[in-house]
Amino acid sequence: MNGVIEDRVGPILMSAIVTPGTDKLTTLTLLLSEGTLDTNLAAADMFSFKIWRMGAEASTQLISSSISRVQNGVRYDLHFYGGEDAVVPAVGDSVRLMSGVLRDLNGNVPHF
């Protein structure tokens, strides 16, 4: 059989791991299905969050202090600083890739 195999599927979010740390630091590690090209995007441009606290949506209060791109963009570590009242990611919150933004190594973007 002859033919060409083409990759037309963008990166997929495979897992999200929340790690509470010391000194009011929480790290959200996001693992993607493949490497990504975009190195200068902010977390708010790449990821969409749904966070609920006390029965009200608090997603707009979530602010990433820094972001680390690791393993050729397969892993992203988002760092959040804040005290007890700060909105930081927790188990049960939702995160997804923004449609049409983060490109894989072939230039494909996430889509719904």
Side-chain angles (χ1 to χ4, degrees):
M1 176 191 305
N2 292 330
V4 177
I5 297 175
E6 292 185 34
D7 175 10
R8 297 213 177 176
V9 177
I12 299 169
L13 184 58
M14 301 296 285
S15 69
I17 303 163
V18 176
T19 308
T22 57
D23 296 329
K24 303 176 185 175
L25 169 69
T26 298
T27 302
L28 176 62
T29 299
L30 302 173
L31 297 174
L32 306 181
S33 60
E34 57 191 307
T36 57
L37 290 173
D38 302 298
T39 59
N40 295 323
L41 294 173
D45 295 331
M46 294 185 284
F47 307 106
S48 172
F49 297 91
K50 289 291 181 192
I51 295 178
W52 296 85
R53 298 293 183 269
M54 305 293 286
E57 187 174 359
S59 304
T60 58
Q61 299 174 29
L62 182 69
I63 299 173
S64 174
S65 300
S66 66
I67 184 170
S68 302
R69 182 178 178 268
V70 184
Q71 299 171 341
N72 203 29
V74 171
R75 186 180 104 200
Y76 286 86
D77 293 332
L78 284 69
H79 308 284
F80 301 86
Y81 294 97
E84 293 179 14
D85 296 334
V87 175
V88 296
V91 173
D93 292 335
S94 298
V95 60
R96 71 178 185 183
L97 292 170
M98 296 291 283
S99 180
V101 178
L102 188 61
R103 298 175 299 140
D104 68 10
L105 300 179
N106 288 320
N108 300 312
V109 295
H111 54 279
F112 299 122

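In this chain, numbering begins with 1 at the start of the sequence shown.
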May I ask you to decide if N106's main-chain N or O and D104's side chain share a donor-acceptor pair within less than 3.5 Å? yes

Does Y76 belong to the same Ile/Leu/Val/Met/Phe/Trp/Tyr cluster as L31, with side-chain heavy atoms less than 4.5 Å apart forming each link?
no

**Study point:** In one Ile/Leu/Val/Met/Phe/Trp/Tyr side-chain cluster, 4.5 Å: V87, L30
**Key:** yes

Does the distance from a Lys or Arg side-chain N to an Asp or Glu carboxylate O, for R53 and D93, drop under 4.0 Å?
yes

Check: Is there side-chain contact between I67 and M46, with heavy atoms separated by less than 4.5 Å?
Finding: yes

In the single-linkage hydrophobic clustering (I, L, V, M, F, W, Y; side-chain heavy atoms under 4.5 Å), do Y81 and L78 co-cluster?
no

Closest non-hydrogen atoms of S68 and H79, given as atom of the first, atom of the second and distance, are OG-NE2, 3.4 Å

*Does a side-chain heavy-atom distance below 4.5 Å link M98 with D45?*
no

| Would you say L41 and L13 are hydrophobically clustered, going by side-chain heavy atoms of ILVMFWY under 4.5 Å? | yes

Distance-only, no hydrogens or angles: does the D7 side chain make a donor-acceptor pair with backbone N or O of V9 under 3.5 Å? yes

Q) Do you reckon L37 sits in the same ILVMFWY cluster as L32, going by side-chain contacts under 4.5 Å, direct or chained? A) no

Of L97, L62, L28, the one forming a side chain to side chain contact (heavy atoms under 4.5 Å, CB included) with F47 is L97

* Asked: Does the side chain of R69 reach to within under 4.5 Å of the side chain of T36, using non-hydrogen atoms?
  -> yes

Q) Counting distance only, does the side-chain N/O of S59 pair as donor-acceptor with the main-chain N or O of F49 below 3.5 Å? A) yes

CZ of R103 to CD of E34, rounded to nearest 0.5 Å, is 12.5 Å

Note: S64 and A43 closest approach over all heavy atoms is CB-CB, 4.1 Å

Taking every heavy atom of V95 against every heavy atom of A16, the minimum-distance pair comes out as CG1-CB, 4.0 Å

